[in-house]
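For reference, the structure discussed in these notes is given below.
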Amino acid sequence: MRKEIPSKYDPSIVEDKWYSYWMENKYFHSEVDHTKEPFTIVIPPPNVTGVLHMGHMLNNTIQDVLTRRARMQGFNACWVPGTDHASIATEAKVVRKLRAEGIKKSDLSREEFLEHAWDWTRKHGGIILEQLKKLGASCDWDRTSFTMDPKYYDSVIDVFIDLFNKEKIYRGARMINWDPSALTALSDEEVIHKEVNSKLYHVRYQIVDSDEYVTIATTRPETILGDTAVCINPKDERYTHLHGKKALVPLLNREVPIILDDYVDMEFGTGCLKVTPAHDMNDYDLGEKHGLESINMMNPNGTISEEGELYVGMDRFAVRKQISKDLEESGNLVLVEDYKNKVGYSERTDVVIEPRLSLQWWLSMKELSQPALENVMNDNIQFHPPKFKNTYRHWMENVRDWCISRQLWWGQRIPAYYYGEGDNDFVVAKTIDKALIAAQKKSGNPDLQASDLKQDEDVLDTWFSSWLWPISVFDGFYTKEEVNYYYPTNDLVTAPEIMFFWVARMIIAGYEYRGELPFRNVYYTGIVRDKQGRKMSKSLGNSPDPLDLIAQYGADGIRMGMLFSTPAGNDLPFDSSICEQGSKFSNKIWNAFRFLTMNMEEGVQYNPTVEINPDSLVDRWLLARINQTVKEVDEDFKNYKLNDALKKVYSLIWDDYCDWYIELAKPDNYGDKFDTQKMNVALGMFEQLMKLLHPFMPFISEEIWQYIQDRNPEEALCVSDWPEFNEADLDLTAITNFNMLKRQITAARNIRAEANLSPKVELDIKVKPGSGTDAEVYSENEIYFRKLFLTGSYEVDAGLTPPPASGSSIIENAELFIPLDDHLDFEKERERIQKEIDRFEGFLKGVNGKLNNANFVNNAPDSVVQNERNKKRDGEANLEKLREQLKDFE
RNA sequence: GGGCGAUUAGCUCAGUUGGUUUAGAGCACCUCGUUUACACCGAGGGGGUCGGGGGUUCGAGUCCCUCAUCGCCCACCA
C-alpha cells in the first residue's frame, strides 16, 4: 500500500466520498433472502415537509449504529426510511401558504386543495431524507415509503373497513376536543394540558320569584350563554330550600332549572355549578342524565353562534372580556379572583381547544389493546429503559376510545358512503361500486344510483395510518412473502412523547393484523436540550442547524459526541463541545494511523494480521484487550447501552492502542522503521479497532480501512464482519502483568515529577519483586521501562537492599526504587510514606474488624471471607515494607 | 388530584443479584512538557462519603421507611 495520506483529516471530503461509494455499491439495499436472517428497523417517519432537527440527529444516529452493526454481524439488514403525510400539520402549512397568496381554503374545492397539497409535498417532501444521508444513515433508500403512497393508502382503507366490519369502528355523537383554528376534532392525545394563570369569575343567578341569588364560579363566563341549568349537591343543606326552584341566567334572563346531583363538590367555591351541556364534558354528562336542553352557543371557529343570542359573531375570548364587564354593570359579577388551572391546547395549532358535541368516527380500544398490554408487561416486547413500562401500562389500562375522524382533506378519506339523512343511512366500502351494491341492499331501494351516494368528507387521523408503518412499508399487507420475511422488525428507536400516539398503537395493530409483535425492542431516546435545559425547538430558536454542525465537526464527530453522553431514556444536554470531543477523536485516530504509515518501508507489501508474537507481552495484552472489549461491547449492545459500548471502544483506541501500544511499538532509534512483522500486527490490530468503531463513526473507519489495504468493493468495512469474541485470545495473565507494569511505570514517572526532574534526566531503576511471577515479568520486560521512562541502570533483585535517598513505590507486592540523591526532598518523602502507612493502617483496621467479627466469618460467603484474608495478608506485607522504608527517613 | 422515575466529583454519567483495596469514567480544572503521529497532544495531579434523617444487616451508594428537591406521564373539579 504505502499511499501518501494527508496530514489533516478533512471529514467533509471523506464523508461525501464514502457515502457515494456505499450507495453506488448498494450496500444498504436489502432483498428477501431466506439464507440470511433479517434485521429490520423502520424509521419513525418524520413529517413529509419537515426539516432535520437535533432530535432526528440523535434518533437516527442510534438507528444507524444498530443497523450497521447488524449488517456487519451478517444479518440481512434493512432500515426502511420514509415520511408521514402528517395530516393536520401539513394541511395547516398548506393553508397558511395559500393564505399568504390570498387564497382561502374555503374558496377551493377538495380536489383543488389536494392538488396544492401534493404540490407542496413534492416541493418540500423528502428534504429531510436527503439531510439524513449527510449523517451517514444507512437506510435502504429504494424502500423509501410515504403514508400516502397508493399501496399504503389502500392498506389504511382496508384496515378501516375490516375494523368496521368487526364492529370495532363506530360512528357516534360525543363530546370531542375541537380545534377552532384547524376546524377539526382531535383525539385526547392531541390535547396538551397546560397550567395557566386565569381568572375565576363568581357570578350570581337570581332565583325565580325571589330576591335571593345563588353564586356560581366559572373560568369561562362566555359559556353562560349556553347555560341550561344550575346544579347543587342534594346533600348540601345550605341549598335545601332551593330544591325544585328555577334560576335566571344573567343577561339573558333565561329560566333554567336548579337540578340536584352529587357530582357537585360542596367544598369548591360556593357549591353551586352552572351547567352548559354543549360546551363541557361533565356538563354534557349532567345534561344527558337530567334531560337538559343543550344550547350550542359557539360556531366551529370559536365565535358566538346565533343560538348564543348575545355577542353573536364575536370571538370567544373577546366575549369573555366583554361579558365580565356587562355582568359587572348588571350587578351580577360578585368577584373575580386569580386562579391557576389546566387548559387544553391543540398539540398542532396551539389554540385553546373547545369541548364540542360532534358526530365522529371512533375506534373501540379496550379489547384491541389487551394483547398489546400483556406483551409489553411480560417483556415479549422490551422497553429500554424498562421504566417506561409503567407509563405504558397506566395508559393502556385506562385507554379510551379513539376519535379517528378529522375534518380535514389531507389524508385517507373515510370510505363511508351516505344514501340518506339518517344517522345510519350509510355503508362502508372500498369503492363506490361496492358501496352502491351495499347501499341498495341496506336501504332496500334497488333504484339507488351512484350519484345518490355521498362519501364522508372527513379523513382519518394521521396516526391511523402510521400505526400500520411496520407492516405497510412492505409489500403484501396480509400474507405476501416480503412482509412475512421482514416482519416483525427488530428494534424501534423513538421518543417517549409518542409512546401513546404511535408505539402503543403499532403494537395494537401488529397483534390485530399480524398476530404478532411489530418489534422486539423499543429504544426510547431522550430529549435534546440546550445548555439551560430547554427543549431544542424551532420556535425557541435555540437549536443549531444540524447541517452546519456536520460541516464543522463532521458527521462522525457529532454522532460520537451525541452518543457519548446519552444512555437510553436520558435527555441529552447538547453543547457543541461534545461534538468537538468527537472531532478530536477523529483527529487522534487519523494521526495514529498516519504515524504507522510514516514508519512503513518503501516497496514492502504489508499483510495485516492478528497473528501476534507470542513472546511479546504487549502484543498478548493488546489482543486480550481487544477481545475483552468485543465481549463487553456485545454485552452492552444486548442491553442497548450504546454509550457504554462507545466509551469502551474509545478507551481501547485512545488509551490502550495509542498511549501504550504505539508508544511501545516505536522503533528504538530515530529514523528506524517498524520491522515488517510488527507493522503487520499493528495494522491487523488497527483493522479490528476500525471494525468496532464503524457503527459509531462509519466514515473515518471506512477511510482508514481502505487505506490499510486495497480492497474490492465487497471488502468495504461497512459489509465486513463484526469481530467475534475469542476466548482463547483473552489472555488474562497478559492483562494482569501488563497492567502491573503500566502502574509501575506511572509510579516511576510520578517519582520523577515529584522530584522536579526533567524527562531528559536518566534515572536508575531498582525493582524488588513481590510474589509469584513478578520477578520474571519485571526482568523480561525491561525494554518497556526503557521506552517509556528514560532509564539508566535497571536491576531486578528479590534480595536488594533499598538504596538510600530514593523515591519509591509499591505496586501489588513489588517495590520500585529510584535513587534520587540530592533531588529527593527528604521531608516530603517521609510524609508521603507516613501517609501511606496511615492509609494502610486504616484500611487494615477495617479488614481486621470484619475478620475478628465472628458473625462476619460465619455468615459471609467463603469467597468473601477469603478475599478479606488476602487483603489482610497483602496489606500487612506492604505495611511492613513501608515501615522498613520509613526507617531510612528518620 | 393520581401514578412513575430520579437525586453519586464543577458538568454528563457508570456502579450488575448488598461484600476486590477507604466509590469509578469522560469532559472541565491545576502543574509540567514541543521526546521519532497527534498541543484537536503527552506526562503528572487535585476533587465526591454517594440529597437529609431513620431502619434492616456481620456488612449498604446498593434493601426498607420518612422528609426534601427535581423531572415525566395521566386526570372533566367548575
Side-chain angles (χ1 to χ4, degrees), chain A residues 7 9 175 188 193 200 216-220 231 263-265 267-269 272-276 280-285 339 341-342 344 355 385 387-395 398 496-497 499-500 527 533 564-567 569-573 575 577-578 580-581 583-599 639 641 643-644 647 650-651 658-659 662-663 666-672 746 749-750 752-754 756 758-760 788 790 839-840 842-847 849-850 853-861 863-865 867-868 870-871 874-875:
Chain A
S7 59
Y9 178 68
M175 290 300 281
D188 294 334
H193 293 276
L200 190 59
I216 60 87
T218 179
T219 51
R220 296 191 298 156
C231 187
Y263 160 76
V264 177
D265 180 354
E267 307 294 316
F268 188 90
C272 293
L273 176 73
K274 71 190 236 11
V275 184
T276 320
D280 184 279
M281 305 276 181
N282 300 305
D283 291 10
Y284 174 75
D285 293 340
Y339 189 69
N341 65 339
K342 295 267 182 115
K387 66 175 179 181
F388 286 114
K389 279 167 72 176
N390 288 322
T391 312
Y392 180 83
R393 182 182 57 201
H394 191 254
W395 190 76
N398 297 289
E497 296 142 79
M499 189 189 298
F500 308 127
I527 293 167
F564 219 68
S565 45
T566 172
N570 277 38
D571 287 353
L572 170 62
D575 183 73
S577 66
I578 65 177
E580 204 173 314
Q581 200 189 337
S583 61
K584 281 182 185 175
F585 187 40
S586 297
N587 185 259
K588 181 73 181 179
I589 295 167
W590 186 251
N591 279 298
F593 180 67
R594 201 162 61 87
F595 176 71
L596 293 187
T597 65
M598 290 162 70
N599 282 282
N639 297 317
K641 295 188 165 186
N643 62 328
D644 286 344
K647 280 175 186 172
Y650 176 83
S651 172
C658 293
D659 287 352
I662 288 192
E663 287 305 319
K666 282 180 178 173
D668 297 337
N669 300 306
Y670 178 75
D672 287 358
T746 299
R749 285 165 169 171
N750 187 18
R752 183 195 291 278
E754 290 292 321
N756 282 323
S758 147
K760 290 174 186 161
L788 301 173
L790 191 58
R839 192 173 72 86
F840 271 102
F843 167 60
L844 283 169
K845 204 174 148 192
V847 173
K850 283 186 190 176
N853 182 331
N855 280 323
F856 172 74
V857 178
N858 295 332
N859 296 329
S863 63
V864 173
V865 176
N867 189 31
E868 292 298 317
N870 292 343
K871 285 195 227 165
D874 293 346

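As the structure is a prediction and not an experimental result, all values here were calculated from the model. Note on naming: letters A, B, ... go to the chains in the order of the sequence lines (proteins, then strands), and numbering restarts at 1 for each one.
At a threshold of 4.0 angstrom between heavy atoms, the contacts of A:Gly846 with the nucleic acid are absent. Across all strands shown, A:Phe388 has no heavy atoms under 4.0 Å from either base or sugar-phosphate atoms. Within 4.0 Å of A:Tyr339, counting heavy atoms only, lie sugar-phosphate atoms of the nucleic acid but no base atom. Across all strands, A:Pro496 comes closer than 4.0 Å to no nucleic acid atom at all (heavy-atom distances). If you check every strand for non-hydrogen atoms under 4.0 Å, A:Asp265 touches a base. Within the nucleic acid shown, A:Thr391 comes within 4.0 Å of sugar-phosphate atoms alone, with no base atom in reach, counting heavy atoms only. Within 4.0 Å (heavy atoms only), A:Val264 reaches at least one base atom of the nucleic acid. At the heavy-atom level, A:Ser651 lies nowhere under 4.0 Å from the strands shown. Using a 4.0 Å heavy-atom criterion, one finds that A:Lys342 contacts the bases of the nucleic acid, with or without backbone contacts as well. No engagement by A:Asp280 is indicated, since no non-hydrogen atom pair under 4.0 Å with the nucleic acid exists. When heavy atoms are screened at a 4.0 angstrom cut-off, A:Phe564 is found touching the sugar-phosphate backbone but no base atom.
By the 4.5 Å heavy-atom criterion applied to side chains, A:Tyr9 and A:Ile589 are not counted as neighbours.
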Checklist outcome for this item: With sugar-phosphate taken as primed atoms, P, OP1 and OP2 and all else as base, the protein-contact string of nucleotides 30-39 of chain B at under 4.0 Å (heavy atoms; B, S, -) is ------BBB-
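Spacing of P atoms, B:G26 relative to B:C32, comes out at 22 Å, to the nearest Å. Taking atom P on both B:G71 and B:U31, the two are 38 Å apart, rounded to the nearest angstrom. Spacing of P atoms, B:C13 relative to B:C4, comes out at 23 Å, to the nearest Å. Comparing the C1' positions of B:A28 and B:G48 gives an interatomic distance of 15 Å, to the nearest angstrom. Taking atom C1' on both B:A14 and B:G61, the two are 12 Å apart, rounded to the nearest angstrom. With both ends at atom P, the span from B:U35 to B:C30 equals 24 Å, rounded to whole Å. Using P as the reference atom, B:A25 and B:G47 are 14 Å apart when rounded to the nearest Å.
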Next on the checklist: Could you walk me through whether A:Asn599 and A:Phe595 satisfy the side chain to side chain contact (heavy atoms under 4.5 Å, CB included) test, starting with their C-alpha distance in whole Å, then the side-chain angles of each, then the deciding distance to 0.1 Å, before giving a yes or no?
Outcome noted: CA-CA 7 Å; A:Asn599 282 282; A:Phe595 176 71; 3.3 Å; yes
Checklist entry - Hey, mind stepping through A:Leu790 and A:Arg752 against side chain to side chain contact (heavy atoms under 4.5 Å, CB included) and telling me if it holds? => result CA-CA 10 Å; A:Leu790 191 58; A:Arg752 183 195 291 278; 3.7 Å; yes
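Closest to the side chain of A:Gln581, from the set B:G45, B:G26, B:A78, is B:G26. Closest contact between the side chain of A:Tyr650 and the listed nucleotides B:C27, B:C41, B:G3 involves B:C27. The A:Asn341 side chain lies nearest to B:A78 when the options are B:C73, B:A78, B:C13. Distance from the side chain of A:Ser565 is smallest to B:U12 among B:C13, B:G19, B:U12. Distance from the side chain of A:Asn390 is smallest to B:G5 among B:C74, B:U12, B:G5.
There is no side-chain donor-acceptor pair under 3.5 Å between A:Ser586 and A:Lys584. With hydrogens and angles left out, the side-chain atoms of A:Asn591 and A:Asn587 include a donor and acceptor closer than 3.5 Å.
When the side-chain nitrogen and oxygen atoms of A:Ser577 are compared with OP1 and OP2 of B:A28, none of them lie within a distance under 4.0 Å. Contact check, A:Lys641 against B:G15: a side-chain N or O comes under 4.0 Å of OP1 or OP2. Between A:Asn570 and B:U12, a side-chain N or O to OP1/OP2 separation shorter than 4.0 Å is absent.
Nearest-nucleotide assignment on RNA chain B puts the 5′-proximal partner with A:Asp571, out of A:Phe585 and A:Asp571. The 5' end of RNA chain B is approached more closely, in terms of each residue's nearest nucleotide, by A:Asn643 than by the other of A:Arg749 and A:Asn643.
Remark: C1' of B:G2 and NE2 of A:His193 are 14 Å apart, rounded to the nearest angstrom. Remark: C1' of B:G59 and CG of A:Asn859 are 10 Å apart, rounded to the nearest angstrom. Atom CD of A:Glu580 and atom C1' of B:U12 are 16 Å apart (whole Å). One atom, CG of A:Asp575, and another, C1' of B:C27, lie 11 Å apart when rounded to the nearest Å. Atom pair A:Trp395:CH2 and B:C74:C1' shows a separation of 11 Å (rounding to whole Å applied). Atom CG of A:Leu273 and atom C1' of B:A78 are 5 Å apart (whole Å). Summarising the geometry, the separation between CZ on A:Arg220 and P on B:A78 is reported as 10 Å, rounded to the nearest angstrom. What separates CH2 of A:Trp590 from P of B:C40 is a distance of 18 Å, to the nearest Å.
No side-chain donor-acceptor contact under 3.5 Å links A:Arg749 to the backbone of A:Pro759. Although no hydrogens or angles enter the test, the distance criterion places no donor-acceptor pair under 3.5 Å between the side chain of A:Asn853 and the main chain of A:Gly849. Side-chain atoms of A:Asp575 come within 3.5 Å of backbone N or O of A:Ser577 as a donor-acceptor pair. Looking only at distances, a side-chain donor or acceptor of A:Asn398 sits under 3.5 Å from a matching main-chain atom of A:His394. Although no hydrogens or angles enter the test, the distance criterion places a donor-acceptor pair under 3.5 Å between the side chain of A:Asp571 and the main chain of A:Ile527.
Applying the side-chain hydrogen bond (donor to acceptor under 3.5 Å, both in side chains) criterion to A:Asp668, with sequence neighbours excluded, gives A:Lys787.
At a threshold of 4.0 Å, the pair A:Asp280-A:Arg220 counts as salt-bridged, since one of the basic side-chain nitrogens sits closer than that to a carboxylate oxygen.
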Checklist entry - Reading RNA chain B 5' to 3', what string of ( ), [ ], | and . shows its pairs, if Watson-Crick and G-U wobble pairs count only when both distances fall under 3.5 Å? => result (((((((..((((.....[....)))).(((((.......))))).....(((((..]....))))))))))))....
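Aromatic pair A:Phe500/A:Tyr392: ring centres not closer than 6.0 Å.
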